[in-house]
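Since the structure comes first, as structure tokens, the remarks are kept for the end.
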Amino acid sequence: MTALINSTEAIVASTKDEDLKRIGHKILNQQRISFNDGVILFEKGSLAYLGALANHVREQKHGDKTYFNRNFHIEPTNVCVFSCKFCSYSRLYAHKEEGWELSIDQMLDIVKSYDGKPVTEVHIVGGVHPKMNLAFFIDLLKAIKAHRPDLHIKGFTPVELDYMFRKAKVSVEEGMRLTHEAGLDSLPGGGAEIFHPDIRSQICDDKVNAEGWLHIHKAAHDLGMHSNATMLYGHIESYAHRIDHMDRLRKLQDETGGFNTFIPLKFRNKGNDMSHIAESSTIEDMKVYAVGRLYLDNFPHVKAYWPMLGRKSAQLTLNFGVNDIDGTIDDSTKIYSMAGSEEQSPTMNTAQLVTLIKQVKRQPIERDTLYNEIHDYTNNDVAEVELSLN
Ligand code: V47
Ligand code: SF4
């Protein structure tokens, strides 16, 4: 690793661009980069330069450790009162017969289907159904916890929570307290999209705004809960909009320290109202991960969500700042396969994921939601990994 750090110093020293050199020195000296620095990195940073810096920071924080978590998803419904232009998944209430809506018993059956399996987390997220209210979700949370108390429930974006709290006429703080007491352990990162109103008004005009999203995460952090943050990139946003998004996250993280993970989400263009927009290149994808790692100096983890990005690109991100790959165990979420991800059947078992990480000489570590290490697979071969699952 020392050789790598020295080689990063050499790359910074040899760059001809004075701005990039200045920013590179800041990063090597562990100084925070500014808003303008972030924009400059996007504008002028080559893939090699950004990759070297992001990998340097990644290895300083985590060495070769690459985390994954065994979880499963529940999508209560794809019926949604909102109409985000990038969404390929939702059905309006008026067409609800084209969608699905699960009862509490049906969702509990999904949880029960994992009985005896070594999953540590359930991720619950879906559309905003006008009839699924706060009381319904409180009953769901209680039912899951009664059945399997050790299962960490990561659920509901501020889009869903804002709607259910407003309908139930409770404040954000009260709503978060009620859901937390019922069993909600942490919040996933969805619904963030791009915070800046100039973009948000064009792609998801009618759902919770940036302030509302951040308020709900802050209320969760104030209760001691942790959460993630996503950024939907690669559509109509500019570099400055991306940095503005990260800047708002960085500021809240300075205040609360409650975010675990930043998850850039690549916009996929199939079957939605933004299909005319070309998808970003793999080079651009890697740059987003790298700048995310460099700008969000107070976020411990950066995650690639492979069902959306594809396996090979996810592997590549491990050299561009990423230290976490999400998605194992029948992770059959529909949101990406419906939006045109190449992963039409997004399932990968633990042995496959471990192999994927080892192929690029990183250290596969199973974690729980809060990044407690469960098992280091470095010295297990694939056959042993498979055996350990039986
Ligand atoms: O908020 C919707 C995105 C998100 C498209 O916290 C799209 O661990 C690309 O947030 N192209 C939901 N993206 C998923 C999500 C998530 C996923 C995995 C892990 C975690 C976590 C969170 O999906 C939405 C939206 O930003 N999305 N449509 C699309 N066409
Ligand atoms: Fe509804 Fe979420 Fe789709 Fe927006 S992204 S339409 S809030 S399901």
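In listed order, ligands and their atoms are each counted from 1. No experiment lies behind these values; they were computed from the predicted model shown.
Contacts between C84 and ligand 2 below 4.0 angstrom, taking non-hydrogen atoms only, involve backbone and side chain alike. Under 4.0 angstrom from ligand 1, the non-hydrogen atoms of N272 all belong to its side chain. Neither the backbone nor the side chain of M308 comes within 4.0 Å of ligand 1, counting heavy atoms alone. Neither the backbone nor the side chain of M274 comes within 4.0 Å of ligand 1, counting heavy atoms alone. Using a 4.0 Å cut-off between heavy atoms, I263 contacts ligand 1 through its side chain alone, with no backbone atom that close. Looking at D326 against ligand 1, only its side chain comes within 4.0 Å, counting heavy atoms.
Ligand-side atoms of ligand 1 in range of L232: 7 (C), 9 (C), 13 (N), range being under 4.0 angstrom from any heavy atom. Each of the following atoms of ligand 1 lies closer than 4.0 Å to a heavy atom of F267: 9 (C), 11 (N). With ligand atoms numbered from 1 in the order given, ligand 2 contributes 1 (Fe), 6 (S), 7 (S), 8 (S) to contacts under 4.0 Å with heavy atoms of C80. Atoms of ligand 1 found under 4.0 Å from any heavy atom of K154, numbered from 1 in the order shown, are 8 (O), 21 (C). In the vicinity of N228, heavy-atom distances shorter than 4.0 Å reach the ligand 1 atoms 6 (O), 8 (O), 21 (C). In the vicinity of E193, heavy-atom distances shorter than 4.0 Å reach the ligand 1 atoms 1 (O), 24 (C), 25 (C), 26 (O). Of all atoms in ligand 1, numbered sequentially from 1 with element shown, those under 4.0 Å from a heavy atom of P188 are 6 (O). For ligand 1, the atoms lying closer than 4.0 Å to a non-hydrogen atom of G191 are 1 (O). Close contacts between ligand 1 and H123 involve ligand atoms 19 (C), 20 (C), 21 (C), 22 (C) [criterion: under 4.0 Å to a heavy atom]. Remark: ligand 2 atoms within the under-4.0 Å shell around heavy atoms of G127 are 8 (S). Residue F86 has at least one heavy-atom neighbour below 4.0 Å for each of these atoms of ligand 2: 5 (S).
No heavy atom of K270 sits closer than 4.0 Å to any atom of ligand 1. Heavy-atom distances between V159 and ligand 2 reach below 4.0 Å in at least one pair.
Across T261, I263, T157, a single residue satisfies side-chain contact (heavy atoms from CB on, under 4.5 Å) together with T230, and that is I263. Each of H62, E366, E373 was scored for a side chain to side chain donor-acceptor pair (under 3.5 Å) with Y67, with one residue passing: E373. Considering L249, N228, N260 in turn, L249 is the only one that fulfils the side-chain contact (heavy atoms from CB on, under 4.5 Å) rule with F299.
For the pair E237/H245, no side-chain contact is recorded, criterion being any heavy-atom separation below 4.5 Å from C-beta on.
Where the criterion is an N or O separation shorter than 3.5 Å, residue side chain and backbone included, T230 fails it with respect to ligand 1. Close N/O approach between G189 and ligand 1 is found [any backbone or side-chain N/O within under 3.5 Å]. Considering backbone and side-chain N/O atoms, Y305 never comes within less than 3.5 Å of an N/O atom of ligand 1.
No side-chain donor-acceptor contact under 3.5 Å links T15 and R22. Between the side chains of E160 and H129, no donor-acceptor pair is found at a separation under 3.5 Å. A donor and an acceptor atom, one from each side chain of N69 and E121, are located under 3.5 Å apart. For the residue pair H301/N323, the side-chain donor-acceptor check at 3.5 Å is satisfied. A donor-acceptor contact closer than 3.5 angstrom is absent between the side chains of Y295 and D37.
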- Task: For the pair Y233 and H241, evaluate ring pair (Phe, Tyr, Trp, His ring centres under 6.0 Å) and give the outcome as yes or no after the intermediate values.
- Result: CA-CA 10 Å; Y233 71 90; H241 293 129; over 10 Å; no
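Note: H217 and W213 have parallel aromatic rings, judged against thresholds of 30 and 60 degrees for the angle between ring planes.
Proximity of the aromatic rings of H235 and F86 is defined here by a centroid distance below 6.0 angstrom, and this criterion is not met. For an aromatic pair to be called close, the ring centres must be under 6.0 Å apart, and Y239 with F42 satisfies this.
Residue C87 holds the heavy atom nearest to atom 5 (S) of ligand 2 of all those in C87, G126, S90.
Residue I153 holds its CD1 atom at 5.5 Å from CD1 of I124, rounded to the nearest 0.5 Å.
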